[in-house]
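Let me begin by presenting the structure, written as structure tokens, before commenting on it.
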Amino acid sequence: MSGILVFVEQRDGSIRKGSLEALSEAHRHAAANGWDVAAVLPGSGIEGVAAGLGAYGAGKVFIADDANLKLYSAEGYAEAVVAAAKQMTPHAIFFSATAMGRDLAPRVAAKLGVGGLADVTGLTLEGETFVARRPVYSAKAFATVDTAGKTPQVISLRPNVFSAEEAGGSAEIVKLDGLALSIRAMVKELVSSEGGEIDVAEANIIVSGGRGLKGPENFALMRELAELLGAAVGASRAAVDAGWIDHSHQVGQTGKVVSPTLYIANGISGAIQHLAGMSSSKIIVAINKDPDAPIFKVADYGVVGDLFQVVPAMIEEIKKVKAA
Amino acid sequence: MKCIVCMTHVPDTASIIRIGADGQHIDETGIKWIVSPYDEYALEEALQLTEAKGGEVTVMTYGPQRAEAGLRECLARGAHNAVHILGGEKTLGDSFAIAKVLAAAIKDREFDVILVGVKGVGTDNSQVGQMLAELLDLPHVSNVVKVEWNDGAIVAEREVEGGHEVVESPLPAVLTAQKGLNEPRYAALKGIMAAKRKPVEKVDPSALGLDEDVLAGAEATYNLRSLELPPEKQAGKIIQGEDDPQAAAAELVKLLHEEAKAF
């Protein structure tokens, strides 16, 4: 046993922020215990990317560089992670709980004959045991859990919760050769959504709209505010079910559970379903004409008023602040 | 096409969650139990597929006695067969144990595809489908929002950050269903009546060669130490903006910028 292995996710050679967060969290625990941190990076033509991981605390980077790994496949990537785990025999394997990480981690865990702690928002170490805090019932409750002594401890970390910080080191590159890749389900293409919008699951700031927007055309106002703040556009289930915006924007129990720094809820009453998806946001702002709307109970700041008057005025004020 | 749909019975998404006296489980008083919403998409896909191409849908759950109501709901919507593996309280939240039980129940059955919801809206692990695929040595595609069913193969789209991945896979495979895949139907009265007469096959884990005490003991992979409610939030600063929205907006932006340092 010798430390923590971190799966690092890249698309077209760019490393996902969540992976750097996972690497940094691994480094924080490892540094306090004299453990090693290694990264495992599958892809094609990724050697140049690997070296940069040293700065985030990886002492070693296992690379699986293969044309068949250019696009993601659970089976191919799992083979690479398991090969690295066999060389390292880590205490734990960390993933960022992105779409890829959440797909891959359970496959890796089952391959290794262990379970997994998914989407954790807090981690402490007791001896060699990670104790994780994770939201359950869509963050209506939090469970404190561990892997019941099974190792490696497969853990996925919710994006945007743990901080990514440079630790200033350098990494040794180790090639994983001779992988027995047998890939049945294979990604053929990645289709980006229109306009390259920021995804709510990854955003630092989310501007969300609900039934109070009255129609699909008024999401333009949300987009204008979002663009100004570099934010993603979110939506309540009511707005999605009305067909005003695609489900990929939905925040809530049957949508995405998010933890941005700033969440601005516009015309969202705050049904329990929605609160479950965004109540762990660091700062919550509510704009709603109904002073009794439940959203105000979780809001750090709120304006009781007509969003069609308040939001345009906010946009002007933010422009002034940004210009100053 | 023979479809197996794995279903989990969970608290209604509108439920208020309270912690039970043991500090480890929810207080089930007054909880209404439903078929997990994502499993509804999995079931609907299987129903549409068999309506178009023939075949049958077997819905399966691993849960306590009350989960039979969830199976009946699926039968009422059109599932042909139901399998109830009794238990699951001791292994709650342990995705690997659940996957082992389902894999044992499925491995000797004939099927072309296994459909499950991307997650149960309970312990929210989102792991069982992928683990089941690994245990049965099958390919999987998770978070699926669209499927094109071809002979012996599929083209599926899965939702990822900022787009969709287009995935090709041979069948049999495991798919995990995301919202957007289809529009689940309601059960019609005729279906509800018919469901009452359809048999539910009851299976004890021991008949699968599994011992729940071992799954939840020596082989456990998920140890629940405690369950808590989220910390209470302090009351926020609420600005009245009905009369002067301009001033309210200015004050809000000032607070966000200077006090909260949100941007």
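When reading the values below, keep in mind they use all heavy atoms of this one structure, side chains included, and skip hydrogens, waters and symmetry mates. Chain identifiers are assigned alphabetically (A, B, ...) following the order of the sequence lines, protein sequences preceding nucleic acid strands; residue numbering begins at 1 within each chain. Computed from a predicted model, the values in this text were never measured in an experiment.
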Discussion item. Taking side chain as everything from C-beta outward and backbone as N, CA, C, O, which of these in A:Lys256 sits under 4.5 Å from a heavy atom of chain B? Side chain, backbone, both or neither.
Written reply: side chain
Discussion item. Need one label for A:Ala139: side chain, backbone, both or neither, based on atoms under 4.5 Å from any heavy atom in chain B.
Written reply: backbone
Worksheet item: What is the distance from atom CD of A:Gln253 to atom OH of B:Tyr38, rounded to the nearest 0.5 Å?
Response: 8.0 Å
Discussion item. If we ignore hydrogens and angles and just use 3.5 Å, is the side chain of B:Glu134 paired with the main-chain N or O of A:Val108 as donor and acceptor?
Written reply: no
Acceptor/donor pairs from residues 287-294 of chain A side chains to any protein atom, 3.5 angstrom cut, sequence neighbours excluded:
residue	atom	partner	partner atom	Å
A:Asn288	OD1	A:Asp290	N	3.0
A:Asn288	ND2	A:Ile268	O	3.1
A:Asp290	OD1	A:Asp292	N	2.8

Practice prompt. Measure from the side-chain N and O atoms of B:Gln127 to the backbone N and O of A:Ala118, and report whether any donor-acceptor pair falls under 3.5 Å.
Written response: no
Response to the item:
Among residues 173-180 of chain B, residues within the sub-4.5 Å heavy-atom range of chain A, in order of number, are B:Gln178, B:Lys179
Worksheet, complete the sentence: Turns out that what part of B:Pro230 lies under 4.5 Å from chain A's heavy atoms comes down to both
Worksheet item: Rounded to the nearest 0.5 Å, how far apart are OG of A:Ser73 and CD of B:Glu165?
Response: 10.0 Å
Worksheet item: Between B:Arg18 and chain A, which part of the residue has a heavy atom less than 4.5 Å away: side chain, backbone, both or neither?
Response: neither
Discussion item. Less than 4.5 Å apart, side chain to side chain, heavy atoms only: is that true for B:Glu157 and A:Val191?
Written reply: no
Practice prompt. Tell me, for B:Ala218 versus chain A, whether the close heavy atoms (under 4.5 Å) come from the side chain, the backbone, both or neither.
Written response: backbone
Discussion item. Around atom NZ of B:Lys146, are there more than 12 heavy atoms from other residues, nucleotides or ligands closer than 6.0 Å?
Written reply: no
Fill in: Max heavy-atom pair count under 4.5 Å with chain B, selected residue of A:Ala74, A:Ser248, A:Ser156, A:Ala201
A:Ser248
Worksheet, complete the sentence: Cut-off 4.5 Å, heavy atoms of chain B, and the answer for A:Gln153 is neither
Item to complete: With a 4.5 angstrom heavy-atom cut-off, could you sort out which part of A:Val257 is near chain B: side chain, backbone, both or neither?
Response: side chain
Fill in: Interchain contact, B:Lys233 with chain A, by part (heavy-atom threshold 4.5 Å)
side chain
Practice prompt. Determine the option with the most heavy-atom pairs under 4.5 angstrom with chain B, choosing from A:Ala97, A:Gly252, A:Gly113.
Written response: A:Gly113
Practice prompt. Under 4.5 Å heavy-atom distance to chain A, tell me which part of B:Asp137 shows up: side chain, backbone, both or neither.
Written response: both
Worksheet entry | Interatomic spacing from CG in B:Leu229 to OH in A:Tyr137 - rounded to 0.5 Å | 12.0 Å
Fill in: Close side-chain approach of B:Ile239 to A:Val303, heavy-atom, < 4.5 Å
yes
Worksheet item: With a 4.5 Å heavy-atom cut-off, do A:Lys140 and B:Ile16 have their side chains touching?
Response: no
Practice prompt. Under 4.5 Å, counting heavy-atom pairs only, tell me which of A:Ala148, A:Gly230, A:Ala132, A:Gly255 racks up the most with chain B.
Written response: A:Ala148
Discussion item. Heavy-atom pairs under 4.5 Å with chain B: which of A:Ile205, A:Ile318, A:Thr261, A:Ile315 has the most?
Written reply: A:Ile318
Fill in: Heavy-atom contacts under 4.5 Å, residues 254-263 of chain B to chain A
B:Leu255, B:Leu256, B:His257, B:Glu259, B:Ala260, B:Ala262, B:Phe263
Item to complete: Please state whether the side chain, the backbone, both or neither of A:Thr129 comes within less than 4.5 Å of a heavy atom of chain B.
Response: side chain
Item to complete: Quick one: list whatever passes side chain to side chain donor-acceptor pair (under 3.5 Å) with B:Lys90, sequence neighbours left out.
Response: B:Asp213
Discussion item. Tell me which of these, A:Glu317, A:Arg184, A:Arg16, has more heavy-atom pairs under 4.5 Å with chain B than the rest.
Written reply: A:Arg184
Discussion item. If the threshold is 4.0 Å, N to carboxylate O, is there a salt bridge linking A:Glu126 and B:Arg225?
Written reply: yes
Discussion item. Under 4.5 Å from any heavy atom of chain A, what part of B:Ser95 do you find: side chain, backbone, both or neither?
Written reply: neither
Worksheet item: Counting N and O atoms only, with roles assigned by atom type, does the side chain of B:Asp124 sit under 3.5 Å from a partner on the main chain of A:Ser138, one being a donor and the other an acceptor?
Response: yes
Practice prompt. Could you look at A:Leu229 and say if it's the side chain, the backbone, both or neither that has a heavy atom under 4.5 Å from chain B?
Written response: side chain
Item to complete: Spell out, as yes or no, whether a donor-acceptor pair under 3.5 Å connects the side chain of A:Arg102 to the backbone of B:Ser142.
Response: no
Worksheet, complete the sentence: Exactly one of A:Val131, A:Asp146, A:Thr147, A:Val145 clears side-chain contact (heavy atoms from CB on, under 4.5 Å) with B:Asn223, and that residue is A:Asp146
Item to complete: Answer with side chain, backbone, both or neither: which region of B:Val253 has an atom nearer than 4.5 Å to a non-hydrogen atom of chain A?
Response: side chain
Item to complete: May I ask you to name which of A:Leu262, A:Val298, A:Thr254, A:Val321 has the most heavy-atom pairs under 4.5 Å with chain B?
Response: A:Thr254
Worksheet item: Does any heavy atom of chain B fall under 4.5 Å from the side chain of A:Pro135, the backbone, both, or neither of them?
Response: backbone
Worksheet item: B:Leu252 versus chain A, heavy atoms under 4.5 Å apart: side chain, backbone, both or neither?
Response: side chain
Worksheet entry | Proximal component of A:Glu202, with respect to chain B [non-hydrogen, under 4.5 Å] | side chain
Worksheet item: Are any of the side-chain heavy atoms of A:Asp103 and B:Asn143 separated by less than 4.5 Å?
Response: no
Worksheet item: What part of B:Asn125 gets closer than 4.5 Å to chain A, counting heavy atoms only: side chain, backbone, both or neither?
Response: both
